[in-house]
Amino acid sequence: MTRESSTENAESPVEHALAGGEPQRVGWFRFYFADECWEWSPQVERMHGYEPGTAHPTTELVLSHKHPDDYGQVAATLDEIRRTSGAFSTRHRIIDTAGDVHHVVVVGDQLFDDAGAIIGTQGFYVDVSPTIAQARERAVTEVVAEIAEARGVIEQAKGMLMLIYRINADAAFELLKWRSQETNTKLRLLAKQLAKDFLELDYSEVLPNRTVLDRLLLTTHLRVGPDV
């Protein structure tokens with residue numbers, strides 16, 4: 001049997017498994033045990049940084065693209081495949097020709113010739129790296145969460161100032177902003193520390209003397225920790 005006929009037989013299930021996948025994020029591969037020859041679809045070539053039709057993958061080339069921290073795992077998987085000819089799946093990182101890191105899931109199963117003998121393994125790569133849109137969405141989510149956290153501690157500190165000094169919300173915010181500017185301290189960190197200082201005061205039903213509260217407000221910036 002020729003390699004071309006095994007390719008035809010193998011292509012159908014692989015292509016079927018890839019149906020509906022994103023063109024640049026999913027692609028097939030084949031690995032022939034006898035001569036350590038590999039075949040990559042155009043999509044897998046692009047994942048590795050090659051233009052379609054320009055890559056001539058060998059085991060050495062395949063392994064050269066593995067992330068250093070994942071190299072041992074993938075090399076061991078290849079040894080296991082050669083030894084057992086079994087199905088496998090692995091998740092690891094590859095580094096393309098431009099130096100960009102791709103997170104990939106690789107799934108493989110046995111490749112047979114016309115006589116039913118196992119001659120290699122075939123399967124597909126799925127690039128599961130975060131897309132630009134996903135990365136942007138995650139960044140926006142983190143910023144929104146940070147804003148919500150900052151707003152929460154600022155509102156808490158404002159409420160305490162409103163109670164202590166009998167002022168409205170706008171005046172309380174201006175007071176906080178003034179202390180932030182005067183001490184060159186981030187407003188969120190100042191508000192967080194001020195709320196902490198007030199909550200740690202030891203009193204029962206009557207607020208501490210105003211001078212104690214004034215002193216806390218004027219020295220809060222000295223107790224602000226690192227922004228973590």
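Residues meeting the ring-ring contact (aromatic ring centres under 6.0 Å, His included) test with Tyr71, sequence neighbours left out: none. In terms of the salt bridge (charged side-chain N to carboxylate O under 4.0 Å, His left out) criterion, Glu51 has no residue partners (sequence neighbours excluded). Partners of Asp170 according to the side-chain hydrogen bond (donor to acceptor under 3.5 Å, both in side chains) rule, which considers only residues two or more places apart in sequence or in another chain, do not exist here. Shown here are the side-chain contact (heavy atoms from CB on, under 4.5 Å) partners of Leu199, two or more places apart in sequence or in another chain: Gln156, Met160. With sequence neighbours excluded, the residues satisfying side-chain contact (heavy atoms from CB on, under 4.5 Å) with Ala87 are Asp109. Applying the side-chain contact (heavy atoms from CB on, under 4.5 Å) rule to Arg91 yields the partners Val105, Val128; only residues at least two apart in sequence or on another chain are considered. With sequence neighbours excluded, the residues satisfying side-chain contact (heavy atoms from CB on, under 4.5 Å) with Asp70 are His67, Gln73, His92, Arg93. For Ser85, there are no side-chain hydrogen bond (donor to acceptor under 3.5 Å, both in side chains) partners at least two apart in sequence or on another chain. Under the ring-ring contact (aromatic ring centres under 6.0 Å, His included) criterion, Phe173 pairs with no residue, sequence neighbours left out. For Arg82, the side-chain hydrogen bond (donor to acceptor under 3.5 Å, both in side chains) criterion is met by Glu36, Asp79, not counting sequence neighbours. Listed by chain and number, the residues in a side-chain hydrogen bond (donor to acceptor under 3.5 Å, both in side chains) with His102 are Asp96, Asp127 (sequence neighbours excluded).
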>> For Val106 and Phe88: C-alpha separation, side-chain torsions, deciding distance, then whether side chain to side chain contact (heavy atoms under 4.5 Å, CB included) applies.
In response: CA-CA 8 Å; Val106 182; Phe88 74 94; 3.9 Å; yes
>> For Leu161 and Leu194: C-alpha separation, side-chain torsions, deciding distance, then whether side chain to side chain contact (heavy atoms under 4.5 Å, CB included) applies.
In response: CA-CA 10 Å; Leu161 292 174; Leu194 184 62; 4.1 Å; yes
> Going through the checks in order, is the side chain to side chain donor-acceptor pair (under 3.5 Å) test met by Glu60 and Thr58?
Replying inline: CA-CA 5 Å; Glu60 182 180 4; Thr58 61; 5.0 Å; no
> So Thr185 and Thr220, side chain to side chain contact (heavy atoms under 4.5 Å, CB included) or not? Walk me through it.
Replying inline: CA-CA 10 Å; Thr185 307; Thr220 291; over 6 Å; no
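Counting heavy atoms from C-beta on, the side chains of Leu78 and Phe31 come closer than 4.5 Å. Residues Val44 and Trp38 fail the side-chain proximity criterion, which asks for heavy atoms closer than 4.5 Å. Leu190 has its side chain within reach of His221: a pair of non-hydrogen atoms, C-beta onward, lies under 4.5 Å apart. Side-chain contact between Leu189 and Gln193 is absent, with no heavy-atom pair separated by less than 4.5 Å.
In this structure a side-chain-to-backbone donor-acceptor pair under 3.5 Å is present from Glu45 to Gly53. Although no hydrogens or angles enter the test, the distance criterion places a donor-acceptor pair under 3.5 Å between the side chain of Arg179 and the main chain of Leu218. Using modelled atom types, no side-chain atom of Ser180 and backbone atom of Leu176 make a donor-acceptor pair closer than 3.5 Å. In terms of modelled atom types and a separation under 3.5 Å, the side chain of Arg25 and the main chain of Ser129 share a donor-acceptor contact. Put simply, the side chain of Ser41 never gets that close to the backbone of Gly27: no donor and acceptor are under 3.5 Å apart.
Under a 4.0 Å N-O distance rule, the pair Arg151/Glu155 does not qualify as a salt bridge.
Taking CD1 of Ile164 as the start and CZ of Phe198 as the end, the distance is 3.5 Å to the nearest 0.5 Å. Considering CD1 of Ile167 and CE of Met162, their distance stands at 8.0 Å, rounded to 0.5 Å. Put simply, CZ on Arg83 and CD on Glu80 are 4.0 Å apart, with the number rounded to the nearest 0.5 Å. Interatomic distance, CD1 of Ile95 versus NE2 of His48, reported as 10.5 Å (0.5 Å rounding). One finds the CD1 atom of Ile94 at 12.0 Å from the CG atom of Leu63 (value rounded to the nearest 0.5 Å). Between atom CD of residue Glu174 and atom CG of residue Asn168 there is a gap of 10.0 Å, rounded to the nearest 0.5 Å.
Considering every non-hydrogen atom in both Pro52 and Arg46, the closest pair reads CG-NH2, 3.1 Å. A pairwise comparison of heavy atoms in Tyr50 and His65 identifies OH-NE2, 2.8 Å as the closest pair.
The stretch residues 212-224 participates, sequence neighbours left out, in these salt bridge (Lys or Arg N to Asp or Glu O under 4.0 Å) pairs: Asp197-Arg223.
A distance of 6.0 Å or more separates the ring centres of Phe29 and Trp40.
The cluster map of Ile, Leu, Val, Met, Phe, Trp and Tyr, joined by side-chain heavy atoms under 4.5 Å apart, puts Trp178 and Leu217 in the same cluster. A continuous path of ILVMFWY side-chain contacts below 4.5 Å connects Leu61 to Ile81, so both sit in one hydrophobic cluster. With hydrophobic clusters built from ILVMFWY side chains whose heavy atoms lie under 4.5 angstrom apart, Val212 shares a cluster with Leu175.
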